[in-house]
Every structure is written in structure tokens, then in C-alpha cells.
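Just below is one structure, and these are the notes that go with it.
Because the structure is predicted, anything quoted here is derived from the model rather than measured. We count residues from 1, following the sequence as given.
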Amino acid sequence: MEFIFDKASAEEVTEIGILFEKGKQFLKQQGIKQWQGSHSPSAAVAATDIQNGIGYVLRAQNGEIAAYAAIIPGIDSSYLEIDGHWLSDGPYCAVHRVVVSDAFKGQGLAKQLLAHCKEVARMLGASSVRIDTHAHNQI
């Protein structure tokens with residue numbers, strides 16, 4: 001199946017919010033604390049991402065959202081203090097809020113989505129991409 005990578009639109013906020021809710025439930029069922037509590041993504045967060053031009057989707061041919069990510073250029077405050085060091089101190093983009101629809105899991109879409117995110121980062125002048133997850137989130 002072919003998927004189209006594109007900026008998310010305001011009309012897709014509700015659908016993206018549902019993906020986030022299902023993602024939260026999935027992580028909770030796995031015993032993972034990621035996306036639980038007040039710092040979890042929501043439809044409102046997606047709306048802000050879209051307003052700021054940083055929300056991206058993979059769409060199936062029928063228009064259904066298969067995956068979502070936010071690509072944030074410039075300095076990301078969540079990465080100012082880390083335990084360790086980065087491989088590169090050059091300009092970067094951070095990728096946050098990666099989620100794949102239950103309907104499309106197991107098809108390698110996270111890998112495809114992240115490859116597109118890397119291309120956007122390059123176009124924005126970044127020499128690297130930063131992304132993180134909960135230590136127990138093996139997927």
C-alpha cells in the first residue's frame with residue numbers, strides 16, 4: 001500500500017487526537033508510563049503543532065491517517081540537559097509525538113515516517129535528528 005507524507009491539516013486534528021488516545025491506552029496496557037499524565041499529547045497539542053507548521057502525517061490512499069509526528073526545528077528545551085552527550089552539536093530537528101494507527105501497525109510505517117522526518121530535517125538545514133522514548137518502550 002502506498003502512503004503519502006504531508007503536513008497535517010486542521011481538519012485532521014480530531015483524528016490525530018484519537019490516535020494519541022489509542023497510543024496512550026496501548027502504552028498503559030504495556031505498563032509504560034510514557035504519554036501518561038499531564039504531559040501527554042492530545043488533540044489540542046496536535047492543533048498547536050499544525051498551527052505552528054510542525055505536524056506531519058502519513059496518509060493512506062483513502063485519506064485515513066496512518067501515522068503522525070511533530071518535527072521541531074531549532075533548540076528543543078527538553079534536550080538542554082541530558083545524561084550523556086550527542087553525537088553532533090550542529091543544528092538539529094527534534095521529532096516528538098510519533099504514533100502509528102492500530103489499523104496500520106506491523107507494516108513498518110514508523111520507519112517510513114522517520115525516514116520522511118529525516119528528509120524534512122535536512123531541508124530545514126539540520127545536520128541531525130533527535131528523538132527519545134521511554135526506556136521500557138521497546139517498540
Side-chain angles (χ1 to χ4, degrees):
M1 179 181 285
E2 287 279 321
F3 294 91
I4 300 161
F5 179 77
D6 198 7
K7 284 200 171 190
S9 70
E11 294 77 27
E12 296 171 314
V13 166
T14 301
E15 189 176 352
I16 295 165
I18 291 168
L19 289 183
F20 286 152
E21 290 305 315
K22 289 184 177 186
K24 288 179 208 179
Q25 291 169 10
F26 176 78
L27 290 169
K28 187 174 185 177
Q29 289 168 351
Q30 305 302 310
I32 299 169
K33 293 181 181 181
Q34 184 177 8
W35 284 15
Q36 309 302 309
S38 63
H39 294 292
S40 62
S42 63
V45 171
T48 301
D49 286 350
I50 292 165
Q51 267 186 323
N52 292 332
I54 62 170
Y56 292 83
V57 294
L58 270 182
R59 282 191 205 95
Q61 291 172 341
N62 66 1
E64 185 178 359
I65 296 175
Y68 176 87
I71 305 170
I72 302 158
I75 295 172
D76 185 329
S77 62
S78 62
Y79 293 138
L80 291 177
E81 292 186 34
I82 64 165
D83 182 15
H85 66 278
W86 296 106
L87 297 176
S88 167
D89 289 326
Y92 67 90
C93 286
V95 178
H96 289 292
R97 298 182 277 289
V98 174
V99 65
V100 176
S101 167
D102 290 347
F104 297 96
K105 283 186 178 173
Q107 298 182 34
L109 293 189
K111 183 176 181 177
Q112 185 176 335
L113 178 68
L114 292 174
H116 286 295
C117 291
K118 284 173 45 178
E119 287 302 314
V120 169
R122 278 192 199 109
M123 288 188 301
L124 293 172
S127 60
S128 64
V129 174
R130 296 180 182 180
I131 186 169
D132 64 89
T133 192
H134 190 279
H136 295 119
N137 188 349
Q138 295 300 306
I139 293 172

So do the side chains of [X] and [Y] get within less than 4.5 Å of each other, counting heavy atoms only?
{"X": "I18", "Y": "E15", "value": "no"}
{"X": "L113", "Y": "V100", "value": "no"}
{"X": "V129", "Y": "L114", "value": "no"}

If you draw a 6.0 Å radius around [atom1] in [X], do more than 12 non-hydrogen atoms from other residues or ligands fall strictly inside?
{"X": "I75", "atom1": "CD1", "value": "no"}
{"X": "L87", "atom1": "CG", "value": "no"}
{"X": "K28", "atom1": "NZ", "value": "no"}

### Message
Show me the pairs that pass salt bridge (Lys or Arg N to Asp or Glu O under 4.0 Å) and involve residues 79-91, at least two apart or across chains.
### Response
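Residue pairs with at least one partner in residues 79-91: there are none.
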#### Entry: side chain to side chain donor-acceptor pair (under 3.5 Å) involving E12 - partner list, sequence neighbours excluded
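Partners of E12 under the side chain to side chain donor-acceptor pair (under 3.5 Å) test: S9, R59.
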### Task
For S40, check side chain to side chain donor-acceptor pair (under 3.5 Å) against everything at least two apart and list the hits.
K24
### Message
When you measure from the side chain of Q29 to the backbone of L27, do you find a donor-acceptor pair of N or O atoms at a distance under 3.5 Å?
### Response
no
### K7 (side chain) donor-acceptor with G53 (main chain) under 3.5 angstrom
yes
#### Entry: Pairs meeting criterion ring-ring contact (aromatic ring centres under 6.0 Å, His included) with involvement of residues 22-42, two or more places apart
F20-W35
Under 3.5 Å, which donor-acceptor pairs link side chains of residues 116-123 to any protein atom two or more places apart or in another chain?
residue, atom, partner, partner atom, Å
E119, OE2, R122, NH1, 2.4

Distance-only criterion, 3.5 Å: show the donor-acceptor pairs between side-chain atoms of residues 91-98 and protein atoms not counting sequence neighbours.
residue, atom, partner, partner atom, Å
Y92, OH, D76, N, 2.8
H96, NE2, D76, OD2, 2.5
R97, NE, D49, OD2, 2.8
R97, NH2, D49, OD1, 2.7
R97, NH2, D49, OD2, 3.4

### Query
Are L109 and I131 connected in a single hydrophobic cluster, I mean Ile/Leu/Val/Met/Phe/Trp/Tyr linked by side-chain heavy atoms less than 4.5 Å apart?
yes
